[in-house]
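Here is the naming used below: chain letters follow the sequence lines, and residue numbers restart at 1 for every chain. We use all heavy atoms of the structure for the numbers below, so side chains are in, but hydrogens, waters and symmetry mates are not.
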Amino acid sequence: MAIRSEAPRAVLEYRGKNFDASAVETFLYDWWESSGFFTPGPKRPGETPFVMMLPLPNVTGDLHLGHALGFGGYEDLMARWHRMRGEPTLWLPGSDHAGIIAQIVVEKELAKEGAGRTNMTTSPTLGLSRDEFLAEMWRWMEHYKPRIYKQLRMLGCSLDWTRVHFTMDPDMQRRVRIHFIRLYRNGHLYRADRIVHWCLTCQTTYSDLESLHVVRTDQLSYVRYPWAQAMPSGTPDVIVATTRPETIVADTAVAVHPDDPRWKGFIGKEVLVPVSERKVKIIGDEAVDREFGTGALKVTPGHDATDFDIGQRHGLQVLSAIDTRGFMTPAAGPLAGLDRDAARAAMIERLKEKGLLMRQEPITHNVGIHDRCETVDEPLVMKQWWMKMKPLAKPAIAAVRDGTVRIIPKYQEKIYFEWMENIRDWPVSRQIWWGHSIPVWYCQDCNEIVVPDEDAPDPTTCPKCRSHDLRQDPDVLDTWFSSALWPHSTLGWPEQTEDLARFYPGSVLETGYDILFFWVARMLMMGIQNMGDVPFGVVYLHGLVRTEGLKMSKSKGNVVSPVEMMEEHGADALRYALVNGIAAGADSEFSEGKLENGRRFVNKLWNVGRFVLAQLEARPAALAGPIDVVPSGADLTEADRWILSRTEAAVEELTRLIEQYQFGEYATALQQFIWTELADFYVELAKPQRRAAGSEDAAVRTLAYVLDRVLRLAHPSIPFVTETLALQLWQHGSKSDRAPSLVLSAWPKPGTRDAELEDRFGLAIEVVRRIRERRQEAGIDPRMTVRVALGGDAAALRPFADIIASLTGADVRFGPGDSAPTLVRAVEVRVEVPRDATADRARLEKELAAARGLLERSRGLIADPSFSARAPAAVVEKTKAALAEREAAVASLQTELDRLG
RNA sequence: GGGGCCUUAGCUCAGCGGUCAGAGCGGCUGCUUUACACGCAGCGGGUCGGAGGUUCGAGUCCUCCAGGCCCCACCA
């Protein structure tokens, strides 16, 4: 089926050879299909599904590192892990029509395609009719959609492609329409003349969230407004300071602070607006900053948000002097017809002529811009559809407050509350063509607003005056209006489908903290509104991925394509490197070095796997029971039992870390175990040349079991390599579960550990390190055997004599046969080589000093009566044990030193 | 103006009240050991930004200070 034919060639590099993992993915889909999980059905008794919605990427976009981190790093990790835990797992993919962004992208493509098609450069028409343009949009959607979906597959995302959705699919359009109609009937949507952000380039309004601020330096002009009535001599001039003199023609008041002693006596008097000569009142309003300029503010309700609010409070007239193209309207009088920049210059000239421009000075201030095109905001008063947010926000605030929804990291909850508690109404209409239509018609004869019933066809007759001259609202809805419905609209809402019953509410929503307000908060509100329940119980927020200290952006030219990274290093390496060592919510610095570590680690795992497989081939009869059952038998060596115990420790640790959403720690711990303990220590001890006769098979059994565990443990982060190795491993023996694929096999449950063995073996490792250190210090040829004497409490290490000898190239002898009843970390190591006694003494003295320092600390702690009295018993016990060890260590170092003479 | 975060090894970061504070990268030294030179072994490197406080015990909790970053907001 289509899914398979589109499967990407996920590639990882191994010794210059391209390793094709697409076969693995094909395999997964085969299994999923035959398992029937894709088939919708009712909730099964007792099941608790794990449900996640993909944070839908923009359909016209390419994958960036933020996506790779979220989708491939965290979400797929969670999906695979929960699936392995036996939870029916739905991770639902899709893409967003991306309203204005997509429209801009396609307009550019169209302009490239055929310049003859249009003479106009301004959007959105391009010389096409609306229907023609939308047809072009759809044509391009078919071009873009497979692209982003293919990139998701490359990452290894185990998404349920049978449930993929696109926000502009016809059924999704219907759901958005119903949502709008219900909100309208409930009084959550209203239409009003308000001041909005207007983008002169994109020719549309946008919301506060889409507005950014940049610091800019402009001219601040001080302009005198002459008194309109005779004033006593000595009356001060009214001078206002403005950065936008061209809007003076739309002034309808001058405002001062009501408590400002300089001005309060003049409230109610009138001044003349320069150039337009209109009389306006001086009003008192607390929004005025007394410190700024002269303390007098020109009020232009038509072109400034603050002024609009002041105007609302004082019933001021709204004059619109600038039109949607940035040209001055007839209301601008002598400035009419000029664009806003020319009008500014012209206004300054006129003010100078009239002697009303007192002075100008530079001012550095914040200027609002549109986040998509960075055009300076032009606040305009327009009729728009608004969503009343406060009532919707209330239950969504409560849901986080009472723990129904948990946000990770926790501090993001404060940010959420801060925004939600001060939420403002949301302008939802946009003056573009690509997007969800607004299901509202206006009667051209009687101005009636006609909103059809749910699922009713488009109205053709005005219910009030029976006119047939109805026109649909030409605007479309903000993109986020539809994505806010994603968790329930994709499951079939408003129909009570089986999927909706089975998969709502979802489990986790994973996304970047930068869209907490845009998307997460709105999904919470709309989910509660439409479903009566929150859309998810956990919000996991990740941070920004930067390179060289900067956020990646196209304009900075520092965007690195994850696709290229995957082609070069493999998807596994990228996925792993992105999450390794990063705490929840923290921004991260991504570097080539990090990616290389990922690749080396994946390569290490691959090579461990190859080694194990080679051993299995060499000894085909070694496996007695199933691969995934803990090996046992008298032929198991201490080393075998040690790695088996350590494997269980890793299972415990890694399970805990994922359960606690500590994915960065999970990745680090995984590497620590696989590389340091398994590869560097155990694999060496499992090599046939290091095994006593008769214990070779035990090594193979152990290796097979440990690899099986390790592949499962690594699989959520490193799916391709682990899956490939598992398929090969499992061909060598039977398995207790029947899953033919790692993606569907079980996450390991921790088994029995041997704490004492781990402890003793840990000591043996320390001894090995110390012997190696001394050998290298002494510059002994690595091939030469040295004689090593172990004294002190070394008896505990007798079972590991061969191991120590084998790993260090030493002929190990034990000192006088004392049998230490308890394990004490004080072993004397004497490497018998010709050596520099002075250097040895210096080293030993340094060690002794350090050991004494530690000993003193322990003694001090024990001697402190309040410590024993107040610290928990376990801590006191631990400290006592540490004290004993330190005493022995000091003694043993002292002996060694004495022996040097 | 309001809110939030960060400051730990040369760099990037973990560390969520309890042994000597860790990892990766980088640095230095020695090794062509048939899983892996994309490797192995070893070494060096930290007054945990500063000052107080709480506690038997603080990198971890509290307060203040100094730097850096982010978000929200109607200083024209």
- Query: Does the separation of the ring centres of A:F663 and A:Y540 fall below 6.0 angstrom?
  - Reply: yes
- Query: Distance between the P atoms of B:rG4 and B:rU47, in whole angstroms?
  - Reply: 32 Å
- Task: Could you check whether A:E684 gets within reach of a base, just the sugar-phosphate, or nothing at all, counting any heavy atom under 4.0 Å?
- Result: base
- Message: Could you check whether the side chain of A:Q776 and the base of B:rA41 have a donor-acceptor pair of N or O atoms closer than 3.5 Å, going by distance alone?
- Response: yes
- Message: Given B:rG3, B:rA35, B:rG18, identify the nucleotide with an atom nearest to the side chain of A:A871.
- Response: B:rG18
- Task: Return no unless some side-chain N or O of A:R599 is found under 4.0 Å from OP1 or OP2 of B:rC38.
- Result: no
- Message: On RNA chain B, compare the nucleotides closest to A:S588 and A:D864; which residue's is nearer the 5' end?
- Response: A:S588
- Message: Rounding to an integer number of angstrom, what distance separates B:rC38 and B:rC20 when you compare their P atoms?
- Response: 40 Å
- Sugar-phosphate, base or nothing in reach of A:E596, heavy atoms under 4.0 Å: nothing
- Is the shortest side-chain N/O distance from A:K604 to OP1 or OP2 of B:rA35 below 4.0 Å? no
- Message: Would you measure the distance from the P atom in B:rG57 across to the matching atom in B:rG15 and give it in whole Å?
- Response: 26 Å
- Message: For the residue pair A:R522 and A:W426, would you count it as a cation-pi contact if the rule is NZ or CZ under 6.0 angstrom from the ring centre and within 45 degrees of the ring axis?
- Response: yes
- If you check the A:A882 side chain, which of B:rC74, B:rC25, B:rU19 turns out closest? B:rU19
- Nearest to the side chain of A:R772, which nucleotide is it out of B:rC36, B:rA41, B:rG3? B:rA41
- Say you draw a straight line from CG of A:L595 to CG of A:L578; how long is it, rounded to the nearest 0.5 Å? 8.0 Å
- On RNA chain B, nearest-nucleotide positions of A:S866 versus A:G593: which is more 5'? A:G593
- Note on the structure: Output for pair (A:F720 CZ, A:M566 CE), nearest 0.5 Å, gives 8.5 Å
- Query: A:R769 side chain N/O closer than 4.0 Å to the phosphate oxygens (OP1, OP2) of B:rG42?
  - Reply: yes
- Query: In the structure shown, which nucleotide is the Watson-Crick or G-U wobble counterpart of B:rG59, with both distances under 3.5 Å?
  - Reply: none
- Query: Of all the nucleotides listed (B:rA35, B:rA76, B:rC38), which has the minimum atom distance to the side chain of A:D289?
  - Reply: B:rA76
- Nearest of B:rC25, B:rG18, B:rA23 to any side-chain atom of A:F867? B:rG18
- Message: Please confirm whether the shortest side-chain N or O distance from A:R775 to OP1 or OP2 of B:rA41 is below 4.0 Å.
- Response: no
- Item | Test item: A:R344 and A:R340 side chains (from C-beta on) under 4.5 Å apart, heavy atoms | no
- Message: Using atom C1' in both nucleotides, what's the gap between B:rC72 and B:rG10 to the nearest angstrom?
- Response: 37 Å
- Task: For the side chain of A:Y411, starting at C-beta, report the closest nucleotide among B:rC5, B:rA41, B:rG24.
- Result: B:rC5
- With P as the reference atom in both, quote the distance from B:rC65 to B:rG22 in angstrom, rounded to an integer. 34 Å
- Opposite nucleotide pairing with B:rA23, Watson-Crick or G-U, both atom distances under 3.5 Å: B:rU12
- Give a yes/no on whether any side-chain N or O of A:K414 is located under 4.0 angstrom from OP1 or OP2 of B:rC5. yes
- Message: Quick check on B:rA76: is either OP1 or OP2 less than 4.0 Å from any side-chain nitrogen or oxygen of A:H365?
- Response: yes
- Query: Given B:rA23, is OP1 or OP2 found less than 4.0 Å from the side-chain N or O atoms of A:W675?
  - Reply: no
- Query: Parallel, tilted or perpendicular: which describes the rings of A:H197 and A:Y206, with under 30° parallel and over 60° perpendicular?
  - Reply: parallel
- Message: Rounding to an integer number of angstrom, what distance separates B:rG24 and B:rU19 when you compare their C1' atoms?
- Response: 25 Å
- Task: Using the P atom on both, measure B:rA58 against B:rG2 and round to a whole Å.
- Result: 34 Å
- Message: Can you tell me if A:R600 touches the phosphate of B:rG39, counting only side-chain N or O atoms and a distance under 4.0 Å to OP1 or OP2?
- Response: yes
- Side-chain N or O of A:R546 closer than 4.0 Å to phosphate OP1/OP2 of B:rC69: no
- Message: Can you see if the side chain of A:R886 gets near the phosphate of B:rU19 - specifically, an N or O under 4.0 Å from OP1 or OP2?
- Response: no
- Item | Under-3.5 Å donor-acceptor pair between A:E291 side chain and B:rC75 base | no
- For B:rG17 and B:rC48, measure between their C1' atoms and round to the nearest Å. 16 Å
